[in-house]
Asks: 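What follows is a single structure, and I will ask about it in a moment.
Just so you know, ligand 1 is whichever comes first in the structure, and atom 1 is the first atom listed for that ligand.
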Amino acid sequence: MAYETIDVRTEADKVGIVTLNRPKQLNALNEQLMNELGEALKAFDADERIGCIIVTGSEKAFAAGADIPAMAKYSFVDAYKGDYITRNWETIRSVRKPVIAAVSGYALGGGCELAMMCDFIIAADNAKFGQPEIKLGVIPGAGGTQRLPRAVGKAKAMDMALTGRMMDAQEAERASLVSRVVPLDKLMEEAIGAALLISSHSLIATMAAKESVNRAFESGLSDGVMFERRLFHALFATQDQKEGMDAFINKRPAAFANR
Ligand code: CO8
């Protein structure tokens, strides 16, 4: 499929890479971009060769937020009845393979929310995160007030949402918003390295790990632990578990078949 607002490529036939590509608008997220991103993510999720997906932007901007001119004139009725702005944002949550956000430059508003919807964030040292919606007379609308406190705690989330200030990459790493910070020119190398490592594991176990970690944000501890245990037990029905453990015992690399 030909896309106009994103670029799509694969690495080593194992990693799917989606690059947001509206450079003049600092990758502002409009309806078309979110639709195309959703389509590309679903296509990689369904592609048997692909074990991990990366979403990235440009050096200057991962994404500077939802497209402000596109939504400036909406009435409440437009926004609510048509579910405009928000309707195609949750596609990324339905992707079952891991999705890494490789963030350089601005990740603001919807851009920060999009990064947080990914499974983890690797940041370049020039990354800047923020929820500046308050300055526009609105609040985050794609999970920012919910995912940010879960990532960085109430104090910093309130600070970000109420002041609209930006957090640099170092602060984001200290606050656990991102998993790693690397020099800008090493960002894609680092993200692709992580994605290839993830792709080398059992896909079934990888999907189960993702589902189980995500469950930690949706349930209480004992329910979450039980969910994890059921998945853990279920993995003993897979050939990959037999292969992984046999490979360890026989001191050889595992060759997972994803069965
Ligand atoms: N939407 C549309 N265009 C944008 C956006 C945006 N969010 N951000 C930047 N641009 C455009 C600018 O208008 C400018 O275009 P032009 O050259 O035609 O004037 C171009 O990108 C370059 O921008 P700047 O000249 O401003 O570049 P600077 O380097 O001076 O500044 C900033 C960069 C700091 C990123 C600045 O552009 C900025 O503050 N942008 C707005 C950031 C913002 O407020 N983001 C939040 C938007 S609201 C939101 O995301 C709500 C999410 C709700 C999600 C709901 C769905 C679920």
Asks: Verify, without hydrogens or angle tests, whether D67 (side chain) and A28 (backbone) share a donor-acceptor contact under 3.5 angstrom.
Replies: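 The answer is no, because no donor-acceptor pair under 3.5 Å joins these two groups.
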
Asks: With the 4.5 Å side-chain cut-off for hydrophobic clustering, are V99 and F62 part of the same group?
Replies: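 Yes, because V99 and F62 connect within a single hydrophobic cluster, where side-chain heavy atoms sit under 4.5 Å apart.
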
Asks: Any salt bridge between R215 and D223, counting N to O under 4.0 Å?
Replies: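 Salt bridge between R215 and D223, a charged N being under 4.0 Å from a carboxylate O: no.
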
Asks: Work out which heavy atom in V15 is nearest to a heavy atom in S199; give both atom names and the distance.
Replies: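 For V15 and S199, the tightest heavy-atom pair comes out as CG2-OG, 4.0 Å.
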
Asks: So if I count the atoms of ligand 1 from 1 in the order they appear, which ones are less than 4.0 Å from some heavy atom of P132?
Replies: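 Those of ligand 1 that fall under 4.0 Å from P132 are 43 (C), 44 (O), 45 (N), 46 (C).
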
Asks: Using distance alone, decide if ligand 1 has a nitrogen or oxygen within less than 3.5 Å of any nitrogen or oxygen in P69.
Replies: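 No; the residue has no nitrogen or oxygen that sits under 3.5 Å from a nitrogen or oxygen of the ligand.
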
Asks: So is K24 touching ligand 1 or not, going by heavy atoms under 4.0 Å?
Replies: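 Within the 4.0 Å threshold, so yes.
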
Asks: For A66, which part has a heavy atom under 4.0 Å from ligand 1: side chain, backbone, both, or neither?
Replies: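 The answer is both, backbone and side chain.
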
Asks: If every non-hydrogen atom of G51 is compared with every non-hydrogen atom of I198, which pair is closest and at what distance?
Replies: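 For G51 versus I198, the nearest heavy atoms are O-CG2, 4.2 Å.
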
Asks: Check contact between P140 and ligand 1, using heavy atoms of the residue and a distance below 4.0 angstrom.
Replies: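 It does not; every heavy atom stays at 4.0 Å or beyond.
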
Asks: Any link between I68 and Y74 through a network of hydrophobic side chains (Ile, Leu, Val, Met, Phe, Trp, Tyr) touching at under 4.5 Å?
Replies: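 Yes, I68 and Y74 fall within the same hydrophobic cluster.
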
Asks: So is K60 in contact with ligand 1, going by heavy-atom distances below 4.0 Å?
Replies: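 Right, K60 reaches ligand 1.
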
Asks: At a 4.0 Å threshold, what atoms of ligand 1 neighbour a non-hydrogen atom of W89?
Replies: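 This gives 56 (C), 57 (C) as the contact atoms.
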
Asks: Looking at ligand 1, would M71 count as a contact under a 4.0 Å heavy-atom criterion?
Replies: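 Judged by the 4.0 Å heavy-atom criterion, M71 does count as contacting ligand 1.
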
Asks: In ligand 1, which numbered atoms sit nearer than 4.0 Å to a non-hydrogen atom of E113?
Replies: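 Ligand 1 atoms under the 4.0 Å threshold to E113: 52 (C), 53 (C), 54 (C).
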
Asks: Going by atom types only, do E36 and T5 share a side-chain donor-acceptor pair under 3.5 Å?
Replies: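 Yes, T5 and E36 have a side-chain donor paired with an acceptor closer than 3.5 Å.
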
Asks: What part of L136, side chain from CB on, backbone N/CA/C/O, both or neither, has a heavy atom under 4.0 Å from ligand 1?
Replies: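 L136 to ligand 1: side-chain contact only, backbone stays beyond 4.0 Å.
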
Asks: Can you check which of A64, G65, G109 brings a heavy atom nearest to atom 43 (C) of ligand 1?
Replies: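 Nearest option to atom 43 (C) of ligand 1, by heavy atoms: A64.
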
Asks: Considering the heavy atoms of L108, write down every atom of ligand 1 situated less than 4.0 Å from one of them.
Replies: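 In order of number, 35 (C), 42 (C).
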
Asks: Looking at non-hydrogen atoms alone, which of L114, I139, N27, I68 comes nearest to atom 41 (C) of ligand 1?
Replies: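 Of the listed residues, I68 has the closest heavy atom.
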
Asks: With distance as the sole test, does R147 use its side chain to make a donor-acceptor pair with the main-chain N or O of E113 at under 3.5 Å?
Replies: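 Between the backbone of E113 and the side chain of R147 there is no qualifying donor-acceptor contact (under 3.5 Å).
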
Asks: Has K60 got a side-chain atom pairing as donor or acceptor with G105's backbone, closer than 3.5 angstrom?
Replies: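 Not confirmed, K60 side chain does not pair with G105 backbone.
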
Asks: Report, in ascending order of atom number, the atoms of ligand 1 lying under 4.0 Å from any heavy atom of G110.
Replies: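 Selected atoms, number and element: 49 (C), 50 (O), 52 (C).
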
